[in-house]
Asks: 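I'd like to ask you about the structure that follows.
Atom set for the values below is all heavy atoms of this structure, side chains included, hydrogens, waters and symmetry mates excluded.
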Amino acid sequence: MSIGQWTRRVALPTALYSVALGALALEAEDPFIIGVGSHELHLPASRDKGFELLRQAGIESVRTDAHWAFVERRRDKLAIEPHWNGYLAKTQAQGIDSLLILGYGNIHHGDGEKPRSEPVRAAYNRYVAFVAQQLRGRVRHYEVWNEWDLENPDDPEFTQDYARLVADAAGIIRQHDPDAKVLAGAVTSEGIKSGFALRLIEAGVMQAVDGLSLHPYVHCYGRGRSTPEAWIEWLTEIDLVLSRAANQPVPLYLTEMAWPSHKGACGFDEITQAAYLARSYFLAKTLSNVRGYWWYDFRNDGTDLREREHNFGLLRQDYSPKLAYQVLRVISPIIEHFQFLERVGESDDSTVQLRFGNDKEQLLIAWSTGKPRSVSIASSSLRSGAVELIDTAQPDKGRTAAASQWQCPADGNNCSTRIELNEFPKIISLGASDPAAIASEQTNLALDLENSKERGTYR
């Protein structure tokens, strides 16, 4: 099914969608994960500075490759690389979980081909069992293969072979490390558009795993289609179609996603990369089925400014932070400790305004999708005084008092102000939360969910 066909099948308006497939129980059970991809596992002497920078940015999980070829360097002789244990010890010491990819071919089995035949599949399963046994209790998530669909996203038989591999691997992991979560998919953008992800759901893969992982890159989609706002609209459609096919909410893990900062086709400057990072993380939180977002990747893979694969990182090759790293560092506490409540403001494409809250405070997170513009905002929980905000364009300043002032009537209710918005989100304090109002809002969300089921719009 093409993405155009998907779009025509979407029946729910976007505003209702975040409620109708909200999976409110998932939010409490499995909090949103802030992650990155990294290749540091394969450096025999990983720099301690890298682990400290992970923690300082609020990163909770690192996704990396546990190559089959490295575990089985000699046929039928399996061993964990000695430095892997040191790496896992260092991430755990920083309170950071690991997501290990179990995949890639092994030259000793089928000349490195994918495990589609019985002998290669059996060898792959032995490798999965060995890793799960050896690393028991030290790995939070396992992902079965990486971008299986890349070779042939249209072939149903190719999909079925992968679904079988997932079912076997998931059972093996649960046998040897029952606390670990298992993800399937790592589906590329092309695989999503070609129906690979949908075929996995229809094949019943969710009966074996804890979530479906996606790599929904859009940086090469051209003007108007490569923005975070276009991305979340597409992801909303994907989420809806997959959950309908599964007849239940499908937990989605965005285990690779980013905008690269190289000079050339499909590239963005470091300022735009940082702005898009902030916008995409906040937008990802508006879809409650999205369980985590791993920016790809933590550190640039090289130093060639014109090479795309060298410029996805939050850090440069020498570990110096880009603006994107500084932005993630300032927004990660908001992503972690606040929940999305609703979209607010006028329903046009010029600005995005999102209300977040917890039991202590409510925030408005707002930005312009084009030229800078001034907007009016309101709050019923404040008194006259300076507007307190975080400007993600200047992350090092943290929370500050802006030049803008809240204008409040004599009774102190419904204060308002004007804020200048640009491409970087502003995180504006709306004052203390009203517990009764939040409880009422959660009740209304639950009722909307039930009503959507009764109307048949949720299936």
Asks: Is there a donor in the side chain of Trp259 and an acceptor in the side chain of Thr272, or the other way round, less than 3.5 Å apart?
Replies: no
Asks: For the backbone of Pro153 and the side chain of Arg199, can you confirm whether one donor and one acceptor N or O come within less than 3.5 Å of each other?
Replies: yes
Asks: Should Phe32 and Tyr293 be marked as a ring-ring contact (aromatic ring centres under 6.0 Å, His included) after you check the CA-CA gap, both sets of side-chain angles, and the distance that decides it?
Replies: CA-CA 8 Å; Phe32 187 94; Tyr293 177 173; 7.3 Å; no
Asks: Please give me the minimum heavy-atom distance between Val128 and Ala169, naming the atom from each residue.
Replies: CG1-O, 4.0 Å
Asks: Is there a side-chain contact between Met206 and Val250 (heavy atoms, below 4.5 Å)?
Replies: yes
Asks: With a 3.5 Å cut-off and no angle check, do the side chains of Gln362 and Arg355 form a donor-acceptor pair?
Replies: yes
Asks: In Å, rounded to the nearest 0.5 Å, how long is the span from CD of Gln339 to CG of Leu363?
Replies: 12.0 Å
Asks: Checking side chain to side chain contact (heavy atoms under 4.5 Å, CB included) for the pair Asp97/Glu60: CA distance, chi angles, key distance, verdict?
Replies: CA-CA 6 Å; Asp97 293 327; Glu60 301 163 302; 5.7 Å; no
Asks: Is the CZ atom of Arg399 crowded by more than 12 outside heavy atoms at less than 6.0 Å?
Replies: yes
Asks: Within the 4.5 Å heavy-atom criterion, are Ile365 and Ile331 side-chain neighbours or not?
Replies: no
Asks: Give, for atom NZ of Lys426 and atom CD of Glu420, the distance between the pair rounded to the nearest 0.5 Å.
Replies: 7.0 Å
Asks: Show the nearest heavy-atom pair for residues Leu430 and Ala378, with the distance to one decimal.
Replies: CD2-O, 3.9 Å
Asks: Side chain of Trp148, backbone of Phe158: donor and acceptor closer than 3.5 Å?
Replies: yes
Asks: Measuring from Tyr253:OH to Ser61:OG, what's the distance to the nearest 0.5 Å?
Replies: 10.0 Å
Asks: Would you please test Leu354 and Thr286 for side chain to side chain contact (heavy atoms under 4.5 Å, CB included) and show each step?
Replies: CA-CA 9 Å; Leu354 309 174; Thr286 68; 4.0 Å; yes
Asks: Answer whether the closest heavy-atom distance between the side chains of Leu99 and Leu183 falls below 4.5 Å.
Replies: yes
Asks: Please determine whether the number of non-hydrogen atoms from other residues, nucleotides or ligands lying under 6.0 Å from atom CD1 of Ile419 exceeds 12.
Replies: yes
Asks: Give a yes or no on whether the backbone of Gly370 and the side-chain of Ser368 come within a donor-acceptor separation of less than 3.5 Å.
Replies: yes
Asks: Output yes when a side-chain donor or acceptor of Asp177 lies under 3.5 Å from a complementary backbone atom of Gly137, and no otherwise.
Replies: yes
Asks: Heavy-atom distance under 4.5 Å between the side chains of Tyr296 and His215, does that happen here?
Replies: no
Asks: Measure the CG-OG distance between Leu341 and Ser433 for me, rounded to the nearest 0.5 Å.
Replies: 8.0 Å
Asks: Within the 3.5 Å criterion, strictly below it, is a donor on Glu143 or Ser213 matched to an acceptor on the partner's side chain?
Replies: yes
Asks: Distance-only, no hydrogens or angles: does the Asn125 side chain make a donor-acceptor pair with backbone N or O of Ile172 under 3.5 Å?
Replies: no
Asks: For His67 and Phe70, take the angle between the two ring planes, folded into 0 to 90°, and tell me which bin it lands in: parallel under 30, tilted 30 to 60, perpendicular over 60.
Replies: tilted
Asks: If a pair satisfies salt bridge (charged side-chain N to carboxylate O under 4.0 Å, His left out) and one of its residues is in residues 250-262, list it, with sequence neighbours excluded.
Replies: Arg63-Glu256
Asks: Would Ser189 and Trp234 satisfy side chain to side chain contact (heavy atoms under 4.5 Å, CB included), going step by step from the backbone distance to the final call?
Replies: CA-CA 11 Å; Ser189 296; Trp234 180 44; 3.9 Å; yes
Asks: Just wondering, do Glu237 and Leu240 contact through their side chains at under 4.5 Å, heavy atoms?
Replies: no
Asks: Sub-3.5 Å donor-acceptor pair from the side chain of Trp295 to the main-chain atoms of Phe312, do we have one?
Replies: yes
Asks: Measuring from atom CD of Gln248 to atom CG of Leu242, what distance do you get when rounded to the nearest 0.5 angstrom?
Replies: 11.5 Å
Asks: Do you know the tightest heavy-atom contact between Ala366 and Gln353?
Replies: CB-CG, 3.8 Å
Asks: With side chain to side chain contact (heavy atoms under 4.5 Å, CB included) as the criterion, how do Tyr162 and Phe196 come out once you've worked through the C-alpha distance, each side chain's angles and the decisive distance to 0.1 Å?
Replies: CA-CA 10 Å; Tyr162 176 67; Phe196 183 84; 3.9 Å; yes
Asks: Do the rings of Phe356 and Phe340 sit parallel, tilted or perpendicular, given the 30° and 60° boundaries?
Replies: perpendicular
Asks: Of all heavy-atom pairs between Gly185 and Leu212, which one has the smallest distance, and what is that distance?
Replies: CA-CD1, 4.2 Å
Asks: Could you tell me whether the side chain of His141 reaches within less than 4.5 Å of the side chain of Ile33, counting heavy atoms only?
Replies: yes
Asks: Indicate whether any N or O donor in one side chain lies under 3.5 Å from an N or O acceptor in the other, for Ser429 and Glu361.
Replies: yes
Asks: Once you round to the nearest 0.5 Å, how far does CD1 of Ile238 lie from CG of Asn289?
Replies: 12.5 Å
Asks: Provide the closest heavy-atom pair for Asp210 versus Ala180 in the form atom of the first, atom of the second, distance.
Replies: OD2-O, 4.3 Å
Asks: Do the ring planes of Tyr104 and Trp145 sit parallel (below 30°), tilted (30 to 60°) or perpendicular (above 60°)?
Replies: tilted
Asks: Backbone N or O of Pro321 within a donor-acceptor pair of the Arg316 side chain at under 3.5 Å?
Replies: yes
Asks: Going by heavy atoms in the side chains, are Val144 and Val209 under 4.5 Å from each other?
Replies: no
Asks: Is the shortest distance from a Lys or Arg side-chain nitrogen in Glu151 or Arg116 to a carboxylate oxygen in the other one below 4.0 Å?
Replies: no
Asks: Does Ile335 offer a backbone N or O that forms a donor-acceptor pair with the side chain of Lys285 under 3.5 Å?
Replies: yes
Asks: Can you sort out the partners of Ala324 under side-chain contact (heavy atoms from CB on, under 4.5 Å), two or more places apart, ordered by chain and number?
Replies: Gln273, Ala274, Leu277, Leu314
Asks: Between Ser226 and Phe268, what is the shortest heavy-atom contact and its length?
Replies: OG-CZ, 3.9 Å
Asks: Whether the side chain of Tyr124 engages the backbone of Leu102 through a donor-acceptor N/O pair (distance < 3.5 Å, no angle test) should be reported.
Replies: yes
Asks: Hey, are the side chains of Thr400 and Asp391 touching, using non-hydrogen atoms and a 4.5 Å cut-off?
Replies: no
Asks: Between His310 and Thr303, do the side chains contain an N or O donor and an N or O acceptor separated by less than 3.5 Å?
Replies: no
Asks: Quick check: does any side chain N or O of Arg140 sit under 3.5 Å from a backbone N or O of Ile96, one acting as donor and the other as acceptor?
Replies: no
